[in-house]
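By convention in this document, chain letters (A, B, ...) are assigned in the order of the sequence lines, proteins followed by strands, and residues within each chain are numbered from 1. All figures in this text were calculated on a predicted structure; none of them were measured in a lab.
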Protein chains: 2
Amino acid sequence: MADDIPDIVIGRLPIYLQALTRMIEDGDKTTTSSQELGERLGISSAQIRKDLSHFGEFGKQGTGYHINYLVEQLRRILHLDREWPVALVGAGFLGHALAHYGGFKRRGFRISWIFDVDAQTVGQKLNDITIRHVDNLEKVIRREKVQIVVLAVPAVAAQGLADRLVDAGVGAILTYAPISISVPPGVQVQYSDPVVQLQRMTYYLDAE
Amino acid sequence: MADDIPDIVIGRLPIYLQALTRMIEDGDKTTTSSQELGERLGISSAQIRKDLSHFGEFGKQGTGYHINYLVEQLRRILHLDREWPVALVGAGFLGHALAHYGGFKRRGFRISWIFDVDAQTVGQKLNDITIRHVDNLEKVIRREKVQIVVLAVPAVAAQGLADRLVDAGVGAILTYAPISISVPPGVQVQYSDPVVQLQRMTYYLDAE
DNA sequence: TAGATTGTTAATCGATTAACAATC
DNA sequence: TAGATTGTTAATCGATTAACAATC
């Protein structure tokens, strides 16, 4: 399978997966069409068909897509046909929210290790996981071959931790720190900063 | 000022603003160039110049951009030259994390109202704000002319709340619910779903 | 002046959409 | 068969980049 799929296509697949999973939960039908899916997501049907066509032929003319089958295929394509263990760095308010979030396990991920720098916090349990000192970060990452890490730490700590994680072999970082981090090519980074997201909308609001 | 600025350009401006603000904090220089800014962000210098050129001429040949001035201009363009009051719906773990997040006030936002549906939670204080029952949502939104709302609620509740918010006049919604919501044209929506972000990266990881 | 860097143009690149033959 | 919908092609649209005159 050729590996020149545009990033932007990969980025939409989880959205398709989410909508399809919800259709299964709703349970009122077993097939869907690119048009129906597109209407739910505000995406053109042509784009959905085009995106999927990068990976194979999953539908049938006249009837559309079998939802269960398409979900299965998307999971396979996105490597979600397994459970990914995740390390969380930072056990503040955000770390707590993430540690308690039930959506991870349900959708293919499991927070398995939690690190913090604060001596008061280290040793406590957070949703059944004992918080380790961040000094042990590389040791655990290497030993457990952790590939995915979530950073819920202040901006000043983010780049240093990213460097250490990359060095220890991590391949994907989801960071909540409000700062751009620099990693070598091939290492994946996703950013989540609520303020940046709000700032993307105020342009369109009346400054009354 | 013409209003055909691509969304994708607007989306990058907060990132520029973030990096420039950090340069100010670092305090080691007063000017920067499109090249330097681009290197920090992994964006080409040409793109930064092009993006800025939609709004005016902010630099000087030979010397680049005065950081303070460019920050001021970006704030003006993005309507961040004021403090935006924000309503938060959902006072669970994520709501707590958001309510305690110091980054809002520092960067132009203030969580001013918090709503929840749980009778136990309503009436309690969260970072000095009394949690109201979500039944009062429209009343407060209308009276206070709230334009921005953050949804930290389960997926099942998101669309219903979005409908109510839009009806009450809200113009921008940041939602953490793992579901696509549908709003009329002109209403802004930003999504934040950690699982979707993780799922965008696993494709590139070895499924060892 | 010489060096640096902008703002802008034109070229390139890539993504989206429209349309339709194929076919369930 | 008639209707529906796919997968794919070609056209369109839009975004990025390279290059450079202008100028600080």
Side-chain angles (χ1 to χ4, degrees), chain A residues 1-16 19-20 23 29-74 77 180 185 200 203, chain B residues 1-16 19-20 23 29-74 77 180 185 200 203:
Chain A
M1 192 175 296
D3 223 64
D4 56 344
I5 315 284
D7 285 357
I8 200 163
V9 172
I10 300 297
R12 279 190 295 260
L13 299 188
I15 303 293
Y16 301 164
L20 292 162
M23 286 180 186
K29 57 173 82 73
T30 59
T31 62
T32 188
S33 65
S34 58
Q35 186 173 28
E36 183 182 47
L37 188 55
E39 275 166 16
R40 285 221 190 189
L41 296 172
I43 289 178
S44 80
S45 62
Q47 180 158 85
I48 290 173
R49 294 198 303 279
K50 188 104 216 281
D51 284 353
L52 295 177
S53 76
H54 284 101
F55 304 95
E57 306 188 359
F58 306 117
K60 276 201 177 66
Q61 287 100 326
T63 49
Y65 303 90
H66 192 283
I67 301 174
N68 280 311
Y69 177 71
L70 188 51
V71 162
E72 195 183 299
Q73 293 304 308
L74 286 173
I77 292 164
S180 179
R200 282 178 175 150
Y203 172 80
Chain B
M1 193 175 294
D3 223 64
D4 56 345
I5 315 284
D7 285 359
I8 200 165
V9 172
I10 299 297
R12 280 190 293 261
L13 300 188
I15 303 294
Y16 300 165
L20 291 163
M23 286 181 187
K29 58 173 85 72
T30 59
T31 62
T32 189
S33 65
S34 58
Q35 186 173 26
E36 183 182 47
L37 188 55
E39 274 166 16
R40 286 221 190 190
L41 296 172
I43 290 177
S44 79
S45 61
Q47 180 158 86
I48 290 172
R49 295 198 301 279
K50 188 102 215 284
D51 284 353
L52 296 177
S53 75
H54 284 101
F55 304 95
E57 306 188 358
F58 306 117
K60 277 201 176 65
Q61 287 100 326
T63 48
Y65 302 90
H66 192 282
I67 301 174
N68 279 311
Y69 177 71
L70 188 52
V71 163
E72 195 183 300
Q73 293 303 309
L74 287 172
I77 292 164
S180 179
R200 283 179 174 148
Y203 171 80

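- Among C/dT8, C/dT17, D/dC24, the nucleotide with an atom closest to any side-chain atom of B/Lys60 is D/dC24.
- At C/dG7, one or more side-chain N or O atoms of B/Tyr65 fall inside 4.0 Å of OP1 or OP2 (strictly under the cut-off).
- Separating the CG atom of B/Leu52 from the C1' atom of C/dT5 is a distance of 13 Å, rounded to the nearest angstrom.
- With a cut-off of 3.5 Å on both pairing distances, the Watson-Crick or G-U wobble partner of C/dC20 is D/dG7.
- The side chain of B/Ser34 sits closest to C/dT6 out of C/dT17, C/dA15, C/dT6.
- Evaluated for a side-chain contact (heavy atoms from CB on, under 4.5 Å) with A/Ile15, the options A/Leu37, A/Leu41, A/Leu20 yield exactly one hit, A/Leu41.
- Checking C/dT6, D/dT6, C/dT16 against every side-chain atom of B/Gln61, the shortest atom distance belongs to C/dT6.
- Across the protein-nucleic acid pair, A/Lys50 atom NZ and D/dT6 atom C1' stand 14 Å apart, rounded to whole Å.
- Side-chain atoms of A/Ile8 lie closest to C/dT16 of the nucleotides C/dT6, D/dT16, C/dT16.
- Between A/Ser44 and the phosphate of C/dT17, there is a side-chain N or O to OP1/OP2 separation shorter than 4.0 Å.
- Atom CD in B/Glu57 sits about 11 Å away from atom C1' in D/dA22, given to the nearest Å.
- B/Glu36 places its CD atom 10 Å from the P atom of C/dT6, with the value rounded to the nearest Å.
- A/Gln35 places its CD atom 14 Å from the P atom of C/dT17, with the value rounded to the nearest Å.
- Comparing D/dC24, C/dG7, C/dC24 against the side chain of B/Arg49 picks out C/dG7 as the nearest.
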